[in-house]
Amino acid sequence: MKYFGYTGNVVSIDLTNAQINLSKEKLEDLQNFIGGFGMNCKLFADLYSPNINPLSPENPIIFGTGPLVGTLAPGASRTVAISKFPATNAIANSCGSMSFGFHLKQAGYDHIIIHGKSDEPCYLFIHDDHIELCDASNIWGKDIIKTTDILKRKHDSSGVIAIGQAGENLIKSSLTLIDKTSTLGRGGLGALMGFKKLKAIIVKGTKGISIADPKRFNKIFLKFKERVKRYPQRDSWIELGMLRSLPIGMLLSAKGEKSKARQANEKNYLKNMKKRRIACPSCPMADKDILEITKPDNSHLICYTSSVINPLMMFGLKGLDSYTQVIELFNKINSYGLDALTINSLCELLNQMVSNNEIDQNEFNIEWNEDFKTYNKLLELIKQREGLGDIIAEGWEKLASLNNKIQNKMTTVKGLDIIFEPRLLKLGTMEFEQVVNPKGAHVASGGSPTYVGAGGSIEKMLTHFDRMGIPKLAHKRLLTPPKEEMIINVGRMTRYSEDWYTMLTCLGLCARAQMNRFYSHELITELFNSITGFDLSKEDLRKAAERSWNLSKILNVKEGFSRKDDKFPEEWFNSLKYGKNKLKLKDFYGTTEISKELANQLLEDYYDERGWDINKGIPSHSKIQELGLGEFL
Amino acid sequence: MMESFKIIADPKKCTGCRICQFICSSLYHHEFNPSKSYIIILDEYELSPTIQFSDKCNHCGQCARNCLYGALKLEGEGIS
């Protein structure tokens with residue numbers, strides 16, 4: 001049987017007894033559960049036992065890619081990892097980019113399943129048919145950057161997923177980096193690999209990918225390329241990268257932080273930070289950064305990041321006064337394999353509570369000051385699991401157990417800190433998604449017109465509805481919010497944002513706004529069919545995405561998650577002090593304050609649009625039957 | 001007979017996207033396989049990448065015509 005786009009191969013590694021097995025994917029499965037998101041869910045569900053400890057040999061980690069990855073399909077480079085995550089105890093897919101997925105496909109595999117636990121530190125090396133577990137004792141204890149450099153020097157051009165000291169020390173918010181740049185596995189993938197004593201996976205592929213209909217594909221590619229070249233904003237995207245998507249200087253300015261605003265602006269980024277723009281394989285809209293800064297002692301620091309926004313957002317922390325401090329701190333967080341967003345939220349919370357005398361500093365075992373030195377000290381404590389660092393390493397709930405005031409101030413959902421603050425950005429689909437995502441506070445799957453600034457006109461919003469494949473019959477419901485002046489129903493709309501994101505992730509396509517703006521439901525279906533040789537309709541593809549999302553939800557229902565966990569953080573219903581302003585939680589158009597009653601109504605509308613049980617917030621019996629998921633109950 | 005061009009490479013503008021390699025390998029090997037491409041990109045995600053051409057390269061110029069970052073151009077033509 002010949003596979004196109006897909007390789008059809010799954011490699012399973014049992015770390016306990018160093019056994020390697022190869023298996024074939026069924027063609028039927030590859031149409032019903034597509035690629036990185038879909039097949040990851042299916043493979044995980046087939047192995048799944050409920051209520052196991054995430055940090056146990058029985059919890060598998062599955063890495064997967066999509067059928068478009070490893071080809072010239074523009075922006076197809078996603079790597080997806082599914083497991084039960086230690087920060088939340090939820091089962092979730094997590095996504096990253098750079099060259100790992102490309103190399104995995106080129107080596108001849110769609111998925112890697114990691115079982116068991118090694119006694120000694122090891123790393124997995126795959127070079128086409130050569131699959132080997134190698135001794136990692138010389139890299140255990142090293143940070144991600146050094147680990148990746150050593151492995152790439154030894155094995156040449158390759159894709160590398162590695163953990164740092166945070167993962168080795170089982171810190172629940174630890175993550176991994178792909179090729180030193182792209183984060184993968186917010187919520188503890190680092191700890192999952194660290195528990196298994198798996199320091200890294202390095203893949204090098206040279207087998208090539210054949211596609212079903214090269215003529216049809218070439219036609220699509222050439223047209224796509226011309227659209228990209230004609231895009232008037234392309235040059236500024238390439239120049240500024242992710243800084244173009246969120247002008248941090250303006251946000252800091254609104255907060256009254258003029259000096260920081262100047263340092264975080266485009267001019268200073270281009271002059272004193274940006275060293276090189278890099279792209280994932282096949283990407284025409286490069287946005288990843290290699291930064292180089294000169295520190296006050298005249299030494300140079302190189303920092304890799306998939307989004308320059310992440311380090312610059314740390315300017316929000318009091319006591320970080322220069323861009324060199326911000327980049328240095330971020331680089332340390334990244335190298336250790338910690339989560340910059342989580343560390344940022346933690347430091348903000350601790351600063352706020354100390355300044356309000358809401359917490360006794362003696363409980364910390366460190367002298368807490370709002371400065372660079374204290375933040376650095378905190379990182380060392382977390383990395384080594386000492387004192388306060390050991391408590392933080394166990395996650396937000398453990399920290400909350402210190403003091404009940406912390407619990408009330410935390411902006412977390414299902415144990416994961418939020419990424420986007422709706423009191424600042426308004427309640428768009430990405431902000432709402434943080435409440436309903438099975439993984440916990442997660443934003444990417446809520447990507448929709450509400451984050452590309454299309455909110456200004458209904459006409460533009462409707463164009464995006466069509467692009468994302470939202471059925472015409474649903475449009476009226478999406479434009480019927482609980483209060484007329486809200487214009488859109490963000491609960492109902494989020495369901496379709498999730499469908500769109502899931503389709504992109506299944507195929508392996510980039511979901512970032514500047515890339516996904518070129519794609520439509522019709523175009524991705526065309527690409528999928530020309531590459532795989534299948535003949536799926538647009539509705540088949542959307543249904544496959546819906547099936548995969550529901551399967552991931554079913555697994556989490558088995559873990560005990562339900563409507564009670566889809567909870568707006570209490571703090572969102574209080575005002576947020578931002579510079580001289582006090583910001584309230586408002587709808588996407590800023591017309592209506594969101595009360596708890598309205599928030600509940602939006603949640604019910606979300607469940608209703610998903611065809612779920614509104615009271616329980618879980619897939620209904622009829623939805624499960626409709627999607628053919630009965631066997632997974 | 002296929003036209004032959006002088007291809008000028010500017011590694012500073014290379015992003016490591018490999019689009020040139022996908023194009024080359026699909027043209028000459030009928031598969032997407034950058035390892036068989038006649039244009040070679042080394043250290044694509046490091047500070048200083050290198051662009052080389054293998055002895056088998058016939059300088060057809062398709063890599064440069066498809067480069068979207070101006071890292072490859074044909075002599076006598078503007079950056080694509």
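The sequence lines fix the lettering, A, B, ..., with proteins before strands; numbering per chain opens at 1.
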remark   = ring-ring contact (aromatic ring centres under 6.0 Å, His included) filter on A:Tyr519, not counting sequence neighbours, yields A:Phe224
request  = Check ring-ring contact (aromatic ring centres under 6.0 Å, His included) between A:His127 and all other residues, then give those that pass, not counting sequence neighbours.
outcome  = none
ask   = Do B:Tyr45 and A:Met98 have side chains that get closer than 4.5 Å, going by heavy atoms?
value = yes
Among [options], single out the residue with the greatest number of heavy-atom pairs under 4.5 Å to chain B.
options: A:Pro214, A:Gly208, A:Ala279; result: A:Ala279
options: A:Glu292, A:Lys225, A:Lys275; result: A:Lys225
options: A:Gly70, A:Gly205, A:Ser77, A:Ser210; result: A:Gly70
options: A:Ile278, A:Ile290, A:Thr71; result: A:Thr71

With a 4.5 angstrom heavy-atom cut-off, is it the side chain or the backbone of [X] that approaches chain A, or both, or neither?
X: B:Gln21; result: neither
X: B:Leu47; result: both
X: B:Ser35; result: side chain

request  = For residues A:Phe217 and B:Phe32, establish whether the separation of their ring centroids is below 6.0 Å.
outcome  = yes
ask   = Is the shortest distance from a Lys or Arg side-chain nitrogen in A:Arg276 or B:Glu44 to a carboxylate oxygen in the other one below 4.0 Å?
value = no
